[in-house]
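The basis for the numbers below is simple: all heavy atoms, side chains too, and nothing from hydrogens, waters or symmetry mates. All values derive from a computational prediction rather than experimental measurement.
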2 protein chains.
Amino acid sequence: MQISSRFTIALHIFTCVDVFKDEYKVTSEFLAGSINTNPVIIRKILSQLKNAGLITVARGTGGIKLTRELSEITFFDVYEAIGAVENGDLFHFHDSPNPQCPVGRNIHALLDGKLKAIQGAMEDEMRKYTLLDLRSGMTEFLAEENK
Amino acid sequence: MQISSRFTIALHIFTCVDVFKDEYKVTSEFLAGSINTNPVIIRKILSQLKNAGLITVARGTGGIKLTRELSEITFFDVYEAIGAVENGDLFHFHDSPNPQCPVGRNIHALLDGKLKAIQGAMEDEMRKYTLLDLRSGMTEFLAEENK
DNA sequence: AAGATTTGTAAGTGCAACGGTTACATTCTG
DNA sequence: CAGAATGTAACCGTTGCACTTACAAATCTT
């Protein structure tokens with residue numbers, strides 16, 4: 001299993017919004033064009049980002065605005081907003097191990113801390129990258145193209 | 001999305017094999033009892049662990065043996081054996097972003113390294129835990145129960 | 001050699017999430 | 001009001017997961 005493409009799509013959206021904000025009206029239609037998917041998919045993701053308080057979306061007129069600086073939004077914020085992982089648990093624990101079995105009734109408590117540490121390592125790394133990193137990286141790529 | 005319960009089941013299996021190896025014949029049936037699932041599920045997972053070279057399984061007579069010391073098998077080895085993540089990629093990248101769009105044609109290259117770093121942080125943490133840690137943790141839990 | 005036990009595997013079921021799509025009400029601007 | 005955009009509900013097809021039944025292949029015991 002993989003973490004939903006909604007996560008990478010969200011990052012793609014943020015990049016587009018900033019890159020094109022002065023040049024085009026960045027609507028769900030426009031974004032769907034760059035991402036090559038359906039506008040409704042985009043709107044659903046925008047909805048999640050809005051509910052998480054990362055952006056505002058203007059109805060009718062269209063237009064997406066960040067509520068914070070690019071440097072103040074990390075990959076982790078986006079990952080959380082998207083709900084990329086059910087109940088916040090990366091690992092799916094098999095339910096109801098046999099309580100009659102000594103191993104069965106203790107395995108959950110035993111594994112829990114270690115699995116949390118593993119997931120935590122991933123999430124901590126996610127906190128290191130901001131949307132500003134993404135934006136400046138894209139600027140470099142585009143400059144390279146225009147050489 | 002979550003990482004398949006086959007991963008936690010595999011860890012459960014390893015724990016049982018070691019805890020019960022002198023006391024019972026540890027068959028797929030026996031394991032299914034502790035884990036509370038179907039023997040065929042267990043056999044499939046055993047098959048993957050075997051293909052990865054972590055264990056040998058005796059047909060007919062039953063019996064599971066590790067090919068290395070408990071301390072020589074990490075959570076990462078198990079995770080890899082199980083194929084918990086498609087193509088080895090934790091993140092699902094939306095396919096075919098629009099190559100006509102400057103962002104679309106560069107987003108993949110831009111994100112790739114960062115996503116790999118995030119996945120790498122998780123996998124490195126996985127390498128820190130061995131089956132021996134699991135075994136000794138279980139021993140402690142059981143000692144606690146018998147107090 | 002026969003019978004019992006166990007693994008290996010194919011085939012099929014039900015379910016849930018994902019990505020996609022159509023359709024339409026709602027909201028805002030001009 | 002007309003036009004443009006978002007918000008959502010409803011539905012589809014596909015895929016992977018967990019589970020189950022069934023049976024062939026391998027191995028041990030007697």
Q) If every non-hydrogen atom of B:A81 is compared with every non-hydrogen atom of B:Q48, which pair is closest and at what distance? A) O-CB, 3.7 Å
Can you tabulate the close N/O pairs, meaning under 3.5 Å, that link protein atoms to atoms of nucleotides 14-19 of chain C?
from: C:dG19; atom 1: OP1; to: A:S5; atom 2: N; distance (Å): 3.1
from: C:dG19; atom 1: OP1; to: A:S5; atom 2: OG; distance (Å): 2.5
from: C:dG19; atom 1: OP2; to: A:S4; atom 2: OG; distance (Å): 3.1

Q | Residues A:D77, A:R68: salt bridge by 4.0 Å N-O rule | A | yes
**Q.** Separation of C:dT21 C1' from A:N36 CG (nearest whole Å)
**A.** 14 Å
Q.
Distance check needed: C:dT21 P versus A:I42 CD1, whole Å only.
A. 12 Å
Q: Starting at atom CD1 of A:I55, determine the distance to atom P of D:dA5, rounded to an integer number of angstrom.
A: 17 Å
Q. Between C:dG8 atom C1' and B:L46 atom CG, what is the distance in whole Å?
A. 11 Å
**Q.** Over 12 non-hydrogen atoms of neighbours within 6.0 angstrom of CD in B:E145
**A.** yes
Q. So, A:F76 versus A:Y129, ring centres under 6.0 angstrom or not?
A. no
Q. Can you find a side-chain donor-acceptor pair between A:T139 and A:R135 that sits under 3.5 Å?
A. yes
(Q) With a 4.0 Å limit, can you tell me whether A:K50 has a side-chain N or O closer than that to the phosphate oxygens OP1/OP2 of D:dG7? (A) yes
**Q.** Contact check, side chains of B:F91 and B:L111, non-hydrogen atoms, under 4.5 Å
**A.** no
Q) Are A:S47 and D:dT8 close enough that a side-chain N or O sits under 4.0 Å from OP1 or OP2? A) yes
Q) Any luck finding a side-chain donor-acceptor pair between B:H12 and B:S34 under 3.5 Å? A) yes
Q | Separation of atom CD in B:E29 from atom P in C:dT7, rounded to whole Å | A | 8 Å
Q) Counting heavy atoms not belonging to A:Q100, are there more than 12 under 6.0 Å from its CD? A) no
Q) For D:dA5, does OP1 or OP2 lie under 4.0 Å from any side-chain N or O of A:T27? A) no
Q) For A:D95 and D:dA18, what is the distance between atoms CG and C1' respectively, to the nearest whole Å? A) 10 Å
Q) Residues two or more places apart in sequence or in another chain: which of them pass side chain to side chain contact (heavy atoms under 4.5 Å, CB included) with A:A121? A) B:E125
Q) In whole angstrom, what separates B:I13's CD1 from C:dT7's P? A) 11 Å
Q: Using a 4.0 Å heavy-atom cut-off, write out nucleotides 21-30 of chain D from 5' to 3' as B (base contacted by protein), S (sugar-phosphate only) or - (no contact).
A: BB--BBBS--
**Q.** Interatomic distance, B:K25 NZ vs C:dT7 P [rounded to whole Å]
**A.** 8 Å
